[in-house]
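Please read the structure below before turning to the comments.
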Amino acid sequence: MAAPLGGMFSGQPPGPPQAPPGLPGQASLLQAAPGAPRPSSSTLVDELESSFEACFASLVSQDYVNGTDQEEIRTGVDQCIQKFLDIARQTECFFLQKRLQLSVQKPEQVIKEDVSELRNELQRKDALVQKHLTKLRHWQQVLEEINVQHKKPADIPQGSLAYLEQASANIPAPLKPT
């Protein structure tokens, strides 16, 4: 699932990402954090994938299904989930640091992205406003039709019984089941 990130973007040499000038050791976040035992070819993305698979496997494992000690099962699952969350945090940290580097090195790119996001949000909200206006016009029309039906006092005979007869004449008769 996860291919090495080096060479993923055009103009970038294949292989492990290189640290930008002035920020030594930053690219090592993708490969191996100090103090964490990782194989030399493993990346955070690979570890994130394998820890997710371990979480899933621990939930569907026959050992856990046939196990009798619920506390042992819970502890094993909790450990797998905790490892996955730790690696997910490390991965998030890596990408946040890359985002910070980008904002320092190319601030105009961040502004372009912000402007694009704001335009998209405006389009989404304009569409929502149009949808609500359409519904509003529909219900205003329905209310006007109801008001027109009720504002025919010349056609309504005097007396409460006559008014009820006139009002019930406007109600359609129920369909008889066949």
Side-chain angles (χ1 to χ4, degrees), residues 1-65 70-144:
M1 173 182 145
L5 292 180
M8 185 181 247
F9 303 103
S10 62
Q12 188 178 7
Q18 302 299 317
L23 296 169
Q26 191 97 36
S28 66
L29 282 175
L30 185 60
Q31 295 214 336
R38 292 186 184 156
S40 62
S41 64
S42 178
T43 65
L44 277 176
V45 175
D46 292 336
E47 286 198 24
L48 187 66
E49 180 183 8
S50 65
S51 66
F52 175 75
E53 290 170 354
C55 286
F56 191 71
S58 69
L59 293 173
V60 296
S61 172
Q62 276 303 91
D63 295 338
Y64 287 136
V65 172
Q70 293 296 320
E71 191 60 34
E72 181 181 330
I73 295 170
R74 181 168 295 151
T75 303
V77 170
D78 285 345
Q79 286 175 348
C80 288
I81 292 173
Q82 189 60 43
K83 180 180 178 188
F84 174 75
L85 292 174
D86 289 342
I87 295 172
R89 284 187 199 103
Q90 290 174 9
T91 306
E92 181 183 21
C93 181
F94 171 77
F95 285 107
L96 287 174
Q97 288 175 344
K98 290 296 182 181
R99 178 76 177 164
L100 178 63
Q101 287 176 2
L102 179 67
S103 68
V104 169
Q105 293 172 354
K106 296 184 180 184
E108 69 278 355
Q109 182 66 32
V110 175
I111 293 171
K112 285 179 185 178
E113 289 175 7
D114 289 345
V115 168
S116 176
E117 288 176 10
L118 288 172
R119 282 188 183 137
N120 289 340
E121 186 176 347
L122 279 174
Q123 288 175 350
R124 183 185 61 80
K125 288 184 178 182
D126 283 344
L128 187 62
V129 166
Q130 291 302 319
K131 178 182 165 186
H132 285 297
L133 285 175
T134 303
K135 286 182 179 181
L136 180 65
R137 287 186 198 111
H138 168 74
W139 287 110
Q140 283 176 335
Q141 184 179 8
V142 168
L143 287 174
E144 285 179 17

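A quick note: this is a predicted structure, and the numbers were derived from the prediction, not measured.
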Query raised in the report: Are Asp126 and Gln130 linked by a side-chain donor-acceptor pair shorter than 3.5 Å?
Result: no
Requested in this report: For residues Leu44 and Ile87, report the shortest heavy-atom separation together with the two atoms involved.
Outcome: O-CG2, 3.8 Å
Requested in this report: Work out which heavy atom in Ala54 is nearest to a heavy atom in Cys80; give both atom names and the distance.
Outcome: O-SG, 4.0 Å
Decide yes or no for [X] and [Y]: does some side-chain heavy atom of the first lie under 4.5 Å from some side-chain heavy atom of the second?
X      : Y     : result
Gln82  : Gln79 : no
Glu47  : Thr43 : no
Val110 : Arg99 : yes

Any chance you could measure [X], atom [atom1], to [Y], atom [atom2], to the nearest 0.5 Å?
X      : Y      : atom1 : atom2 : value
His138 : Leu136 : NE2   : CG    : 11.0 Å
Arg74  : Ile81  : CZ    : CD1   : 11.0 Å
Phe84  : Ser58  : CZ    : OG    : 11.5 Å
Glu72  : Thr75  : CD    : OG1   : 7.5 Å

Query raised in the report: Less than 4.0 Å between a side-chain N and a carboxylate O, is that true for Lys83 and Asp86?
Result: no
Query - Steps toward salt bridge (charged side-chain N to carboxylate O under 4.0 Å, His left out) verdict (Glu121, Lys125) - result: CA-CA 6 Å; Glu121 186 176 347; Lys125 288 184 178 182; 3.0 Å; yes
